[in-house]
Amino acid sequence: MYKGKKKWIFVVVILVIVGYYYFLNPYEQKDFFISCPFYKITGYQCPGCGSQRAFHELLHFHFLEALKQNALFLLAIPYFLIVFYTSFNKEKYQKLRQFLLGDKTLLILLIFIILFGIIRNL
């Protein structure tokens with residue numbers, strides 16, 4: 001497929017997702033959103049619980065409420081934006097990408113995610 005066409009398809013998909021979370025409220029329209037199977041089975045919140053609500057709040061510029069819903073989601077946004085940005089010029093940002101996506105960094109992130117999941121349920 002033509003490279004420019006892929007980018008436009010990606011942009012359209014992102015805009016649809018953003019519009020979905022902007023206009024639909026996960027607090028009121030729960031049937032339109034994915035529920036957490038881990039929470040349903042155990043009654044404990046996983047590290048991702050509240051991400052949909054946090055994203056909705058973030059789109060409405062309610063930063064404090066988004067932080068309350070899922071702090072890890074907000075903290076992860078800069079990381080993923082940097083990884084996404086550097087993916088367009090991998091040669092130029094090769095060292096940064098090796099650091100961000102290296103085994104040690106991913107292990108540290110995994111440990112941080114697990115600890116977040118444990119601490120939020122205490």
Side-chain angles (χ1 to χ4, degrees):
M1 185 182 285
Y2 180 67
K3 207 173 194 180
K5 192 173 182 179
K6 284 183 182 179
K7 287 181 184 178
W8 281 110
I9 290 171
F10 179 75
V11 167
V12 168
V13 168
I14 294 298
L15 288 175
V16 167
I17 291 170
V18 168
Y20 185 84
Y21 279 94
Y22 183 83
F23 292 110
L24 294 177
N25 189 340
Y27 300 103
E28 298 169 359
Q29 298 155 321
K30 294 180 182 181
D31 294 337
F32 294 103
F33 294 92
I34 300 168
S35 60
C36 178
F38 183 80
Y39 181 76
K40 280 188 171 187
I41 293 169
T42 65
Y44 293 109
Q45 292 184 341
C46 77
C49 280
S51 295
Q52 295 179 101
R53 292 184 303 273
F55 188 51
H56 175 78
E57 295 295 346
L58 193 61
L59 291 173
H60 290 276
F61 301 103
H62 303 146
F63 299 109
L64 188 57
E65 189 59 35
L67 189 66
K68 289 177 186 176
Q69 292 300 323
N70 191 323
L72 183 62
F73 177 78
L74 287 176
L75 293 173
I77 290 173
Y79 174 80
F80 285 110
L81 286 176
I82 292 169
V83 169
F84 178 73
Y85 178 77
T86 60
S87 70
F88 290 108
N89 196 345
K90 294 178 183 176
E91 296 81 28
K92 183 177 179 182
Y93 300 107
Q94 184 177 5
K95 288 185 181 183
L96 178 59
R97 287 183 59 79
Q98 284 176 347
F99 172 74
L100 292 173
L101 300 171
D103 292 341
K104 289 180 183 178
T105 303
L106 294 177
L107 180 62
I108 291 168
L109 289 174
L110 178 63
I111 291 168
F112 186 75
I113 291 167
I114 292 169
L115 287 174
F116 176 77
I118 293 169
I119 291 169
R120 79 182 309 195
N121 287 294
L122 293 179

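Bear in mind that the values here come from a model prediction, so they are computed numbers and not experimental data.
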- [ ] Report the C-alpha separation of Phe33 and Leu24 in whole Å, then their side-chain angles, then the decisive distance to 0.1 Å, and conclude whether the side chain to side chain contact (heavy atoms under 4.5 Å, CB included) test is met.
- [x] CA-CA 9 Å; Phe33 294 92; Leu24 294 177; 3.7 Å; yes
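- Rounding to the nearest 0.5 angstrom, the gap separating the OH atom in Tyr79 from the CG atom in Leu101 is 4.5 Å.
- Between Phe10 and Phe88, the ring centre distance reaches or exceeds 6.0 Å.
- Taking Ile, Leu, Val, Met, Phe, Trp and Tyr as hydrophobic and joining them when side-chain heavy atoms fall under 4.5 Å apart, one finds Leu110 in a cluster with Ile114, Ile118.
- Applying the 6.0 Å contact sphere to CG of Asp103 captures no more than 12 heavy atoms from other residues, nucleotides or ligands.
- Hydrophobic clustering (side-chain heavy atoms under 4.5 Å, transitive across Ile, Leu, Val, Met, Phe, Trp, Tyr) keeps Val16 apart from Leu58.
- Taking hydrophobic clusters as Ile, Leu, Val, Met, Phe, Trp and Tyr residues chained together by side-chain heavy-atom distances below 4.5 Å, Phe84 shares a cluster with Tyr21.
- Ring orientation note: the planes of Tyr22 and His60 are close to parallel, at an angle under 30° on the 30°/60° scale.
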- [ ] Could you give me the CA-CA distance, side-chain angles and deciding distance for Thr86 and Ile82, then say whether side chain to side chain contact (heavy atoms under 4.5 Å, CB included) is met?
- [x] CA-CA 6 Å; Thr86 60; Ile82 292 169; 4.2 Å; yes
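- When all heavy atoms of Asn70 and Cys49 are compared, the pair lying nearest together is ND2-O, 2.9 Å.
- Put simply, the side chain of Arg120 gets close to the backbone of Cys46: a donor and an acceptor are under 3.5 Å apart.
- The same ILVMFWY cluster, assembled from side-chain heavy atoms under 4.5 Å apart, contains both Ile77 and Phe63.
- Between atom NZ of residue Lys68 and atom NE2 of residue His62 there is a gap of 12.0 Å, rounded to the nearest 0.5 Å.
- Linking Ile, Leu, Val, Met, Phe, Trp and Tyr whenever their side-chain heavy atoms come within less than 4.5 Å puts Ile9 and Val18 in one cluster.
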Open item on the list: Glu65 vs Leu67, test: side chain to side chain contact (heavy atoms under 4.5 Å, CB included). Steps then yes/no.
Closed with: CA-CA 5 Å; Glu65 189 59 35; Leu67 189 66; over 6 Å; no
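- Rounding to the nearest 0.5 Å places CZ of Arg97 at 12.5 Å from OG1 of Thr105.
- Annotation: ring-ring contact (aromatic ring centres under 6.0 Å, His included) contacts involving residues 89-113, sequence neighbours excluded, comprise Tyr85-Tyr93.
- Put simply, Leu75 and Ile119 are part of two different groups of oily side chains (I, L, V, M, F, W, Y) that touch within less than 4.5 Å, one to the next.
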- [ ] Show your reasoning for whether ring pair (Phe, Tyr, Trp, His ring centres under 6.0 Å) applies to Phe73 and Phe116.
- [x] CA-CA 11 Å; Phe73 177 78; Phe116 176 77; over 10 Å; no
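- We find the OH-CG distance between Tyr20 and Leu59 to be 13.5 Å, quoted to the nearest 0.5 Å.
- We find the OH-CD distance between Tyr27 and Gln69 to be 3.5 Å, quoted to the nearest 0.5 Å.
- Rounding to the nearest 0.5 Å places CG of Asn25 at 12.0 Å from CZ of Phe32.
- Panel note: side chain Glu57, backbone Arg53; no donor-acceptor pair is recorded below 3.5 Å.
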